[in-house]
Amino acid sequence: MKILLATHWLIPHVGGVWAFMEQLKKRLESMGHVVDMLGNSPDYSKIHIVNRNLEIAKSQLLPLLETKLNAHNQPLLNLSPIIRYHEYERYCMELSAAYFDLSQYDLIHTQDVLSTRSISRVKPKHVAHVAHIHGCVATEMMLHYQLNPQLGITESSPELKYFRSLEHYGATSCDITVTSTHWMKDLLINEFAVPRGQVTVFQYGFDASEFNLKSKRSTSIRRPEGKKVIICPARLVFVKGINVLISALAHLKQIRQDWVCWIVGDGELRSELEQLSLRLGLQQEVAFLGRRDDVPALLQQSDIFAHPCLQDNQPYSVVEAQFAGLPAVVSNAGGLPEMVDHGHTGLISPVGDAETLALNMAFLLENDKVRKQFGRTAKAWAQDHWSMDLMMGRVLDVYERALRIK
């Protein structure tokens with residue numbers, strides 16, 4: 001088959017969707033399939049098929065869109081700059097996909113509701129279409145506006161109605177919709193009126209052999225003597241809840257001081273989070289390491305993995321931590337309770353609860369035997385559960401079902 005993996009998000013990119021696409025492409029090609037990857041460029045200036053060096057600049061498309069979608073022709077679309085921005089982005093994806101000629105593919109596998117909706121409108125009818133929904137855009141945006149009431153956007157505002165509509169149409173504009181957690185399936189069905197029969201659930205797979213090789217590579221970072229390491233690899237954006245972690249670390253410092261925390265990643269909130277860390281007096285305990293390519297090696301030097309997110313589906317960072325044999329302290333957001341067995345592979349705290357998160361970290365720091373046992377149990381569970389072969393079998397089964405629909 002000739003397959004197109006497509007996403008609205010940036011490619012290449014540090015994050016779970018890109019990691020999923022890379023691993024899927026590698027496995028599919030090893031089976032003899034031809035695979036292309038389409039998405040936004042890292043600076044959002046163009047849409048490109050990254051492995052074939054094909055691209056189209058958005059600056060070439062925007063004049064056409066301005067002509068067709070201006071305030072005179074589409075007054076409702078232009079009432080909100082937020083809706084206008086996302087619709088222009090979606091149309092740029094549509095026009096680019098049409099330009100790249102989708103008729104050459106047997107199957108298209110999109111990775112989010114935006115690319116699913118865009119590509120469904122321009123792809124030829126004979127091309128099968130599978131959508132993988134890795135997270136919920138609508139609930140993430142709703143959470144963002146709830147946490148920022150000064151923006152003046154409420155549940156009754158047109159912006160949130162738009163994102164709810166986008167979630168519904170994105171998840172239903174394909175032959176088969178796949179998600180990795182029952183939490184996400186239930187959300188799509190109960191909150192966004194996606195038909196139950198539309199959604200298939202199976203967990204991610206993980207290339208453990210590649211991870212193990214990366215784990216053995218050298219790193220310039222060394223753990224400080226006499227300290228345990230708490231590690232949090234994440235994009236520094238609001239949904240990851242890094243502010244909650246930093247607040248929890250301030251509580252933890254009042255309990256014990258035999259630890260440091262490595263925050264690995266970058267993002268729009270980095271400066272704000274660094275300032276928060278300074279205000280709470282954590283400049284000696286918290287290190288912002290930025291974006292790095294040696295996370296597996298850093299995990300090997302760590303003792304506790306932290307993921308205090310406000311919303312997430314099935315993050316790859318948790319999978320990596322489990323393969324590294326680390327106990328996890330996570331929130332109960334989204335699909336995380338399906339990944340971490342409380343009291344066996346880690347500890348779960350309520351979303352946004354910095355005090356409970358601090359107590360969970362303190363418990364694992366205090367109890368070496370329990371912490372190490374949690375880590376061993378997590379690693380054994382990961383090796384059994386996150387099978388790449390199992391996932392690939394399920395992916396190919398879904399592909400065959402989608403092709404039969406055509």
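We use all heavy atoms of the structure for the numbers below, so side chains are in, but hydrogens, waters and symmetry mates are not.
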With a cut-off of 6.0 Å (strictly less than), are more than 12 heavy atoms of other residues, nucleotides or ligands near [atom1] of [X]?
| X | atom1 | answer |
| --- | --- | --- |
| E66 | CD | yes |
| Y169 | OH | no |
| E225 | CD | no |
| K2 | NZ | yes |
| R222 | CZ | yes |
| Y44 | OH | yes |

Stepwise salt bridge (charged side-chain N to carboxylate O under 4.0 Å, His left out) test for K214 and D293: CA-CA 9 Å; K214 291 180 178 178; D293 59 7; over 6 Å; no
Are any non-hydrogen side-chain atoms of [X] and [Y] less than 4.5 angstrom apart?
| X | Y | value |
| --- | --- | --- |
| T219 | Q300 | no |
| V330 | S349 | no |
| L187 | F192 | yes |

Charged tip of R401 within 45° of Y399 ring normal and under 6.0 Å: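 Pair R401/Y399 does not count as cation-pi.
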Criterion side-chain hydrogen bond (donor to acceptor under 3.5 Å, both in side chains) on E87 and Y162, from CA distance to verdict: CA-CA 10 Å; E87 281 295 276; Y162 167 78; 2.7 Å; yes
[X] [atom1] to [Y] [atom2] distance, which is reported to the nearest 0.5 Å:
| X | Y | atom1 | atom2 | value |
| --- | --- | --- | --- | --- |
| I108 | L5 | CD1 | CG | 10.5 Å |
| T139 | M141 | OG1 | CE | 10.5 Å |
| L357 | D353 | CG | CG | 8.0 Å |
| T345 | L326 | OG1 | CG | 11.5 Å |
| L249 | M361 | CG | CE | 4.5 Å |
| E400 | I176 | CD | CD1 | 10.5 Å |

What side-chain donor-acceptor pairs closer than 3.5 Å can you find for residues 228-241, not counting sequence neighbours?
unit_1: K240; atom_1: NZ; unit_2: D312; atom_2: OD2; d: 2.9

Q203 and its side chain to side chain donor-acceptor pair (under 3.5 Å) partner, picked from E338, R394, Q314: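 So the option named by the test is R394.
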Examine distances only and state if a side-chain atom of [X] and a backbone atom of [Y] form a donor-acceptor pair shorter than 3.5 Å.
| X | Y | answer |
| --- | --- | --- |
| Q322 | K379 | no |
| D112 | L114 | yes |
| T110 | S115 | no |
| S157 | T154 | yes |
| R84 | N78 | no |
| K369 | Q373 | no |

With sequence neighbours excluded, residues passing side chain to side chain donor-acceptor pair (under 3.5 Å) with S173: R117
Parallel, tilted or perpendicular: rings of F163 and H86 (30°, 60°):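 The arrangement is perpendicular - the two ring planes meet at more than 60°.
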Within the 6.0 Å centroid threshold, strictly below: H132 and H134: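 When the ring centroids of H132 and H134 are compared, they turn out to be within the sub-6.0 Å range.
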Indicate every side-chain donor-acceptor pair of residues 18-41 with a distance under 3.5 Å to a residue at least two apart or in another chain.
unit_1: W18; atom_1: NE1; unit_2: E22; atom_2: OE1; d: 3.3
unit_1: Q23; atom_1: OE1; unit_2: D207; atom_2: N; d: 3.0
unit_1: K25; atom_1: NZ; unit_2: E29; atom_2: OE2; d: 2.6
unit_1: K25; atom_1: NZ; unit_2: V35; atom_2: O; d: 2.8
unit_1: K26; atom_1: NZ; unit_2: E210; atom_2: OE1; d: 3.4
unit_1: R27; atom_1: NH1; unit_2: D389; atom_2: OD1; d: 2.8
unit_1: S30; atom_1: OG; unit_2: R27; atom_2: O; d: 2.6
unit_1: H33; atom_1: ND1; unit_2: M1; atom_2: N; d: 3.2
unit_1: D36; atom_1: OD1; unit_2: N51; atom_2: ND2; d: 2.9
unit_1: D36; atom_1: OD2; unit_2: R52; atom_2: NH1; d: 3.0
unit_1: D36; atom_1: OD2; unit_2: Y105; atom_2: OH; d: 2.7
unit_1: N40; atom_1: OD1; unit_2: K58; atom_2: NZ; d: 2.6
unit_1: N40; atom_1: ND2; unit_2: H8; atom_2: O; d: 2.6
unit_1: S41; atom_1: OG; unit_2: D43; atom_2: OD1; d: 2.7
unit_1: S41; atom_1: OG; unit_2: S45; atom_2: N; d: 3.3
unit_1: S41; atom_1: OG; unit_2: K46; atom_2: N; d: 3.3
unit_1: S41; atom_1: OG; unit_2: K46; atom_2: O; d: 3.4

Pairing residues for L64 by the side-chain contact (heavy atoms from CB on, under 4.5 Å) criterion, not counting sequence neighbours: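 Scan of L64 (side-chain contact (heavy atoms from CB on, under 4.5 Å), adjacent residues dropped) gives K68, L95.
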Sequence neighbours excluded - salt bridge (Lys or Arg N to Asp or Glu O under 4.0 Å) pairs with any residue from residues 168-191: R164-E191, D175-K406
Side chains of S209 and N212, donor plus acceptor under 3.5 Å: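 N212 and S209 do not have a side-chain donor-acceptor pair below 3.5 Å.
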Nearest atoms (heavy-atom pairs only) where L299 meets A321: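 Nearest pair, atom of L299 first, then A321: CD1-N, 4.2 Å.
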Residue pairs passing the ring-ring contact (aromatic ring centres under 6.0 Å, His included) test where at least one lies in residues 246-291, sequence neighbours excluded: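 For residues 246-291, and leaving out neighbouring residues, there are no ring-ring contact (aromatic ring centres under 6.0 Å, His included) pairs at all.
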